[in-house]
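Some notes on the structure that comes next.
Residue numbers count from 1 along this sequence. What you see below is based on every heavy atom in this structure, not just the backbone, and it leaves out hydrogens, waters and symmetry mates.
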Amino acid sequence: MNVLRFRRAAVAVAAASVLPFSLAACSDSGNDAASNETSSAAPATQDDSPSADADMAADKPFGPACAGVPKEGAGSFDGMAKDPVATAASNNPALSTLVAAVKQAGLVDTLNNAQNITVFAPTNDAFAKIPKADLDKVLADKDTLTKILTYHVVGQKLTPKQLENGSFETLQKGMATTKGSGEDYTVNDSSKVVCGNVPTANATVYIVDTVLMPK
């Protein structure tokens, strides 16, 4: 009888000692499976992120002159996006000469009421490249001024990709050509885009460093 009890106790002890190892093995196996599933799922997330980041970057304004745009208020990128293009330009100090010319030509309502247009907007420095006597003469001639200003407007929204090697009819009916890539674009081989892909409520604006002359 004592021998039988001893054997049962021995079996119980052996079972108790084996059980933790069995549970640990099961636990390790489960962890390995979970680890494998996690590692196999991770690359898919990593593969998606670069493309998403590139798409987000392509939607943003670019160029060295963008640093001079106010960070807040009506003249900021967020503020300009809420206003039609002529109004948005009036809130950007670097475009004050252009805005004065647009008002002189009576084109404020025309630009603000147009839909889905692109405007190549010359900076104040761009207008300063024109001799003052010549600029004053143009500003005093409404027909000539209208032709020059409408030559800066294309009747569709243009993406940076479209500017890589493009040719577009302007509202003046002349053709404007664009070349470039990345963040480096020129219009008519002479006017450089210094802050591009700027959204307004009805237009995309590319700020340029030289006034375009109709061909």
Worksheet entry | Test salt bridge (Lys or Arg N to Asp or Glu O under 4.0 Å) applied to K192 - qualifying residues, sequence neighbours left out | D184

Can you give the donor-acceptor pairs under 3.5 Å from side chains of residues 113-121 to other protein atoms, not counting sequence neighbours?
residue, atom, partner, partner atom, Å
N113, ND2, D109, O, 3.1
T118, OG1, Q156, O, 2.7
T118, OG1, L158, N, 2.8

Worksheet item: Between Q162 and T159, is a side chain to side chain contact (heavy atoms under 4.5 Å, CB included) present by the stated rule, with each step listed?
Response: CA-CA 5 Å; Q162 289 174 285; T159 65; 3.4 Å; yes

Discussion item. If I compare all heavy atoms of T200 with all of A88, which pair ends up nearest, and what's the gap?
Written reply: CG2-CB, 3.8 Å

Item to complete: Report yes if some heavy atom in the side chain of F77 is under 4.5 Å from a heavy atom in the side chain of P70; otherwise report no.
Response: no

Item to complete: Kindly state each residue pair satisfying ring-ring contact (aromatic ring centres under 6.0 Å, His included) with at least one member in residues 138-167, sequence neighbours excluded.
Response: none

Practice prompt. Flag yes if L107 and M80 sit in one hydrophobic cluster, no otherwise; membership is Ile, Leu, Val, Met, Phe, Trp, Tyr, and two members link when side-chain heavy atoms are under 4.5 Å apart.
Written response: yes

Worksheet item: With distance as the sole criterion, is a donor-acceptor pair present between the side chains of S96 and N124 under 3.5 Å?
Response: yes

Discussion item. Are the side chains of I148 and P214 in contact, using a 4.5 Å heavy-atom criterion?
Written reply: yes

Fill in: Donor-acceptor contact present, side-chain N197 to main-chain T204, <3.5 Å
no

Worksheet item: What's the verdict on side chain to side chain contact (heavy atoms under 4.5 Å, CB included) for Y206 and V198, showing C-alpha distance, side-chain angles and the deciding distance?
Response: CA-CA 6 Å; Y206 291 89; V198 178; over 6 Å; no

Fill in: Atom NZ of K215 with >12 non-hydrogen neighbours under 6.0 angstrom
yes

Worksheet item: Do you know which two heavy atoms are closest between P84 and A201, and how far apart they sit?
Response: N-CB, 3.8 Å

Worksheet entry | Audit row: T178, N165, side chain to side chain contact (heavy atoms under 4.5 Å, CB included) steps and yes/no | CA-CA 6 Å; T178 58; N165 187 19; over 6 Å; no

Discussion item. For V211 versus P122, what's the shortest heavy-atom pair and its separation?
Written reply: CG2-CB, 3.9 Å

Discussion item. Between K132 and D136, does any side-chain N to carboxylate O distance fall below 4.0 Å?
Written reply: yes

Worksheet entry | M213-M175 co-clustered via ILVMFWY side chain contacts under 4.5 Å | no

Discussion item. Would the distance check show the side chain of N202 and the main-chain N or O of L111 forming a donor-acceptor pair, the cut-off being under 3.5 Å?
Written reply: yes

Discussion item. K173: which residues meet the salt bridge (Lys or Arg N to Asp or Glu O under 4.0 Å) condition with it, sequence neighbours left out?
Written reply: none

Worksheet entry | Contacts of E169 that satisfy salt bridge (Lys or Arg N to Asp or Glu O under 4.0 Å) - sequence neighbours left out | none

Worksheet item: Under a 4.5 Å cut-off applied to non-hydrogen side-chain atoms, are L149 and L98 in contact?
Response: yes

Worksheet item: Which atom pair, heavy atoms only, marks the closest approach of L139 to A101?
Response: CD2-CB, 4.0 Å

Worksheet item: Shared ILVMFWY cluster between L212 and L163, side chains joined below 4.5 angstrom?
Response: yes

Worksheet item: Which atom pair, heavy atoms only, marks the closest approach of S76 to V69?
Response: CA-CG1, 4.0 Å

Fill in: NZ-CG distance between K129 and D134, expressed to the nearest 0.5 angstrom
15.5 Å

Worksheet item: Would you say I130 and L95 are hydrophobically clustered, going by side-chain heavy atoms of ILVMFWY under 4.5 Å?
Response: yes

Item to complete: Establish, from distance only, whether the side-chain atoms of D189 and T177 form a donor-acceptor pair under 3.5 Å.
Response: no

Fill in: Pairing residues for K137 by the salt bridge (Lys or Arg N to Asp or Glu O under 4.0 Å) criterion, not counting sequence neighbours
none

Worksheet item: Got more than 12 heavy atoms from elsewhere within 6.0 Å of NZ, K157?
Response: yes

Worksheet item: Is a side-chain N or O of T170 found less than 3.5 angstrom from the main chain of G174, in a donor-acceptor match?
Response: yes

Item to complete: Measure from the side-chain N and O atoms of T87 to the backbone N and O of D83, and report whether any donor-acceptor pair falls under 3.5 Å.
Response: no

Worksheet item: Can you tell if the side chain of P61 reaches within under 4.5 Å of the side chain of P199, non-hydrogen atoms only?
Response: yes

Fill in: Polar side-chain atom of T144 near backbone of D141 as donor-acceptor pair, under 3.5 Å
no

Discussion item. Is there a path of hydrophobic side-chain contacts, each under 4.5 Å between heavy atoms of I/L/V/M/F/W/Y residues, joining V153 to V108?
Written reply: yes

Worksheet item: So do the side chains of S191 and D209 get within less than 4.5 Å of each other, counting heavy atoms only?
Response: yes

Discussion item. Please find the pair of heavy atoms, one from N92 and one from I207, that lie closest to each other, and give the distance.
Written reply: ND2-CD1, 4.2 Å

